[in-house]
Amino acid sequence: MSIVAMGASYKSASLEQRERIALADDQVPAALDRLLACEGVTEAVVLSTCNRTEAYVEAKNDRLGVQALEHLFGVAEEGLAEGGLYLQRGMGAVRHLFRVACSLDSMVLGEAQILGQVKRAFETSSTHGACHEVLTRLFKAAIGLGKRVRTETAIGADSVSLSTAAYRAADAELGGLRNRPVLLVGAGEMARLAAAYLREGGAHPLYVVSRTIEHARQLADQVQGEARPFDERYRLAARCDAVFSMTAAPDAVIEGEPLARAREEAGTAGRPCAIVDQSVPRDVQPACADLPGVALYDIERLGSIIDEGMGRRMEAAREVERLAAEAESAFLSWMQERSVVPTIREMYEKGDQAVERELARACRTLAAARGQAISDDERATLEAFGKAVVKKLLHGPSIRLRKEAQSAESFYYTSSARYLFGLDTHPAGTVCNHCTDPSCHRGEGCSKHRAKAAGEAARAAASPAREAKGETR
């Protein structure tokens, strides 16, 4: 089996490219169904955040896994780079997930939100019945690594998450947010984080709008804010000094022309206003940045904000890399134990049993030729000789199987070995179905079976002739 991952992040794709493949939470189950419906795919997990959208599959082989992911993202492999997509196979996919889970691949090194997002992606897949033995093991290992990194290293010290970066951007743009009116568009997790920073920073009044007014009320009650209908967002934005938007809408919820009209009607055209858009796809139309007095910060601009705690976290990243390498080795060992190691063991078992059969035959032949049984020492010498030959013959294939266990093609090598050695059709210790001789493993090639089959065919051919003559037994 093969693990394959495909996706796009802030590193590989532009904001426009990420918008095209972004998946809202309620779209993930359908994406999982699409992947599981593809040939050869047995497991799938989809991770979608504001900075990345990627999917992991466990498939019969990496070719089928890649085809399924190409189908999901609507792109052929040769067009991955143009679409800002990356492709990881085998241990490369494992290594990528581990780096994501411990925030080494995040826009803000050390940010804590990604671990919860990886955990929710895994839980969604498990609840949907799309995650089984391999991806369950993989994602539990990634989540465990992420927790260990947070507790054992300084990667999260002085951390600036996307939410803190957003707050700092608006605070710096306006020279402080204390006693300034602020509008929150959205009432999800990111909105709750933003609201907490705004309340702590003294922003007041704090307005909350959401497509579901009840959600807006719940958040407003938590932060001593005021919930308003979603339709009032332009009027409120025109009167506020800062706007934070973080919805899961597929299209912009704040557009340039309606906002310009609202600011003119409110008499605030030209007044400084910081608008922070933390969504992918974007909530705020880029044209808003052209309005006099408006400073627009989207995901890409937030990523360029200087983080004074970066130096300390960069030092901690080396320790995180070491922990990630340990987790990778542990997972590889499990994969080898699960597939390659049993195959090698069965190869040697079958070889040893072949030695035992041929040894018994050789001992009988020698005894007949000499007129007396061979001694125990002679038998031991012959047995050691036979087993040494088996080890010599299987040593090279075993080494290469262990080496290829680290590659995306591991499935091909393991399945080929099992086929060539007949480990599934005629495993070690099985009895020939044709002659019931425990020492025979030749199946259809068994001489006893061929003789028996020939006799049965002759009798079957003679039976109609006997019946014609009236012969009976």
Decide yes or no for [X] and [Y]: does some side-chain heavy atom of the first lie under 4.5 Å from some side-chain heavy atom of the second?
{"X": "Val185", "Y": "Val253", "value": "yes"}
{"X": "Glu54", "Y": "Met6", "value": "no"}
{"X": "Leu177", "Y": "Tyr167", "value": "yes"}
{"X": "Val284", "Y": "Val276", "value": "no"}
{"X": "Arg338", "Y": "Val134", "value": "yes"}
{"X": "Met91", "Y": "Val94", "value": "yes"}
{"X": "Leu145", "Y": "Phe331", "value": "no"}
{"X": "Phe73", "Y": "Leu85", "value": "yes"}

- Item | Set of salt bridge (charged side-chain N to carboxylate O under 4.0 Å, His left out) partners for Asp105, sequence neighbours left out |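 Testing Asp105 for salt bridge (charged side-chain N to carboxylate O under 4.0 Å, His left out), a comparison that skips the adjacent residues, returns Lys11, Arg52.
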
- Query: What do the steps show when you test Ser245 against Ile275 for side chain to side chain contact (heavy atoms under 4.5 Å, CB included), and what is the final call?
  - Reply: CA-CA 8 Å; Ser245 188; Ile275 300 180; 5.9 Å; no

Keeping [X] on the side-chain end and [Y] on the backbone end, is there a donor-acceptor pair under 3.5 Å?
{"X": "Ser125", "Y": "Phe122", "result": "no"}
{"X": "Ser329", "Y": "Ala325", "result": "yes"}
{"X": "Thr151", "Y": "Lys147", "result": "yes"}
{"X": "Glu226", "Y": "Ala220", "result": "no"}
{"X": "Ser12", "Y": "Gly84", "result": "yes"}
{"X": "Glu111", "Y": "Ile114", "result": "yes"}
{"X": "Glu173", "Y": "Arg168", "result": "no"}
{"X": "Arg233", "Y": "Val208", "result": "no"}
{"X": "Gln27", "Y": "Ala24", "result": "yes"}

- Task: With side chain to side chain contact (heavy atoms under 4.5 Å, CB included) as the test, would you mind laying out the steps for Leu198 and Val223 before giving the verdict?
- Result: CA-CA 9 Å; Leu198 290 167; Val223 296; over 6 Å; no

Shortest non-hydrogen contact from [X] toward [Y]:
{"X": "Ile213", "Y": "Pro229", "result": "CD1-N, 3.9 Å"}
{"X": "Glu346", "Y": "Arg418", "result": "OE1-NH2, 2.9 Å"}
{"X": "Leu302", "Y": "Ala166", "result": "CD2-CA, 3.8 Å"}
{"X": "Gln278", "Y": "Ala194", "result": "OE1-CB, 4.5 Å"}
{"X": "Ser126", "Y": "Cys131", "result": "OG-CB, 3.8 Å"}

- Task: Please report the C-alpha distance between Val4 and Gln88 in whole Å, then the side-chain angles of each, then the deciding distance to 0.1 Å, and finally whether the side chain to side chain contact (heavy atoms under 4.5 Å, CB included) criterion is met.
- Result: CA-CA 6 Å; Val4 187; Gln88 297 285 355; over 6 Å; no

Ion pair [X]/[Y], N-O distance below 4.0 Å:
{"X": "Arg89", "Y": "Asp62", "answer": "yes"}
{"X": "Arg18", "Y": "Glu16", "answer": "no"}
{"X": "Glu326", "Y": "Arg148", "answer": "yes"}
{"X": "Glu39", "Y": "Lys60", "answer": "no"}
{"X": "Arg217", "Y": "Glu214", "answer": "yes"}
{"X": "Glu232", "Y": "Arg235", "answer": "yes"}
{"X": "Arg322", "Y": "Glu319", "answer": "yes"}

- Message: Under the criterion salt bridge (charged side-chain N to carboxylate O under 4.0 Å, His left out), I'd like the reasoning laid out for Glu189 against Arg120: C-alpha separation, chi angles, the key distance, then a yes or no.
- Response: CA-CA 13 Å; Glu189 179 184 359; Arg120 282 193 295 277; 3.1 Å; yes

How long is the span from the [atom1] atom in [X] to the [atom2] atom in [Y], to the nearest 0.5 Å?
{"X": "Ser210", "Y": "Leu184", "atom1": "OG", "atom2": "CG", "answer": "10.5 Å"}
{"X": "Leu394", "Y": "Lys350", "atom1": "CG", "atom2": "NZ", "answer": "11.5 Å"}
{"X": "Gln285", "Y": "Leu296", "atom1": "CD", "atom2": "CG", "answer": "10.5 Å"}
{"X": "Asp352", "Y": "Met347", "atom1": "CG", "atom2": "CE", "answer": "11.5 Å"}
{"X": "Leu323", "Y": "Arg318", "atom1": "CG", "atom2": "CZ", "answer": "13.5 Å"}
{"X": "Arg261", "Y": "Tyr234", "atom1": "CZ", "atom2": "OH", "answer": "8.5 Å"}

- Message: Which label fits His96 and Tyr86: parallel for a plane angle under 30°, tilted from 30 to 60°, or perpendicular past 60°?
- Response: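 His96 vs Tyr86 ring planes: tilted.
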
- Item | Check against side chain to side chain contact (heavy atoms under 4.5 Å, CB included), Tyr348 and Ser398 | CA-CA 10 Å; Tyr348 276 94; Ser398 299; 3.4 Å; yes

- Not counting sequence neighbours, which residues clear side-chain hydrogen bond (donor to acceptor under 3.5 Å, both in side chains) with Arg137? List them please.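 For Arg137, no residue satisfies side-chain hydrogen bond (donor to acceptor under 3.5 Å, both in side chains) once neighbours in sequence are set aside.
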
Flag for [Y]-[X]: side-chain donor and acceptor within less than 3.5 Å:
{"X": "Asp283", "Y": "Thr247", "value": "yes"}
{"X": "Arg263", "Y": "Thr268", "value": "no"}
{"X": "Thr42", "Y": "Glu58", "value": "no"}

- Query: Are there more than 12 heavy atoms of other residues, nucleotides or ligands under 6.0 Å from atom NE2 of His204?
  - Reply: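 Result for NE2/His204: open.
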
- More than 12 heavy atoms of other residues, nucleotides or ligands under 6.0 Å from CD of Gln224: is that the case?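 No, because the 6.0 Å sphere around CD of Gln224 holds 12 heavy atoms or fewer from other groups.
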
- Message: Counting the benzene-type ring for Trp, do Tyr56 and Phe139 have ring centres under 6.0 Å apart?
- Response: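 Judged by ring-centre distance (under 6.0 Å), Tyr56 and Phe139 do meet the cut-off.
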
- Please say whether the positively charged group of Arg301, taken as NZ for Lys or CZ for Arg, lies over the ring of Tyr297, i.e. under 6.0 angstrom from the six-membered ring centre and within 45 degrees of the axis.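 Satisfied, under 6.0 Å and within 45°.
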
